[in-house]
Amino acid sequence: SGVVTQHLGWAWLFVMNVPLGVASFVVGALALPSGPSRPQQGTHGVAEGLHRHIALACLSIASFVYCLIQAPSTGLGEPSVIVSGIAAVSGAIVLVCKKRSRRSSSPAVGQLLRARPFAGGLITQLLWGLGVTGVYFYTSQFLQSALHLSPTEAGLTFTPVVSALFLTAPFVSVMAKRWGDGHVAA
């Protein structure tokens with residue numbers, strides 16, 4: 001990513017994900033088994049509603065991010081910023097109202113979140129992800145600002161860590177079977 005940032009610009013980092021996303025959809029469509037030909041009684045409406053909620057949440061977040069990016073340079077009075085801000089706020093309001101109008105749209109999610117191992121795993125992943133992201137962000141800023149490395153050189157300094165993850169990942173399941181999940185995760 002350092003090479004892309006240095007030679008093409010930071011916005012191209014988002015474009016790098018497009019081929020990966022397309023490949024994921026293709027592999028998923030080919031490799032995952034298809035569901036039952038007829039939806040089970042009572043599940044079809046829930047699935048449709050879930051897709052609509054996800055689409056609305058994505059549009060609301062994208063509108064909000066657009067506001068954050070464009071408002072400092074164009075101002076809050078710019079029509080595109082106003083429209084995207086209204087879209088973000090109204091989408092969030094609709095999602096909150098829909099959630100409150102349905103007491104329990106997906107009881108399975110509530111059951112999963114009440115399970116201590118599942119909830120603990122989610123919290124652990126969240127904290128780990130925030131920590132790692134923070135370390136990478138601030139370290140790359142330090143390497144470029146204080147040590148005056150180029151984006152490519154700063155990115156190359158992370159190569160040993162990424163290489164270690166790639167080399168050890170295949171052995172995690174073997175170690176977990178041998179010593180248990182708790183010992184491997186610690």
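With rounding to the nearest 0.5 angstrom, the CD1 atom of Ile82 is 13.5 Å from the CD atom of Gln70. To the nearest 0.5 Å, atoms CG (Leu8) and OG1 (Thr5) are separated by 8.5 Å. For the atom pair OG (Ser150) and CG (Leu156), the distance works out to 8.0 Å, reported to the nearest 0.5 Å. The CG atom of Asn17 sits 9.5 Å away from atom OG of Ser24, with the distance rounded to the nearest 0.5 Å. Here the straight-line distance linking atom CG of Leu127 with atom CG of Leu122 works out to 11.0 Å at 0.5 Å rounding. In this structure, the separation between CG on Leu95 and CG on Leu56 is 4.0 Å, given to the nearest 0.5 Å.
A donor-acceptor contact shorter than 3.5 Å links the side chain of Thr157 to the backbone of Ala154.
Residues Gly75 and Val81 approach most closely at O-CG2, 3.9 Å, considering heavy atoms. The two atoms that bring Ser60 and Gly91 nearest to each other are OG-CA, 3.2 Å, heavy atoms only. Taking all atoms of both residues into account, the shortest heavy-atom contact from Ser84 to Ser63 is O-CB, 3.2 Å.
A single hydrophobic cluster is seen to contain both Trp12 and Met16, as judged by linkage of ILVMFWY side chains at heavy-atom distances under 4.5 Å, directly or through other members. At a threshold of 4.5 Å between side-chain heavy atoms, the hydrophobic network of Ile, Leu, Val, Met, Phe, Trp and Tyr places Val161 and Val132 in one connected group. In terms of hydrophobic clustering, with Ile, Leu, Val, Met, Phe, Trp and Tyr side chains grouped at heavy-atom distances under 4.5 Å, Val83 and Ile69 are assigned to different clusters. Residues Val172 and Trp179 are members of one and the same hydrophobic cluster, defined by side-chain heavy-atom contacts under 4.5 angstrom among Ile, Leu, Val, Met, Phe, Trp and Tyr.
Listed by first and then second residue, the ring-ring contact (aromatic ring centres under 6.0 Å, His included) pairs involving residues 122-168 are Tyr136-Phe158 (not counting sequence neighbours).
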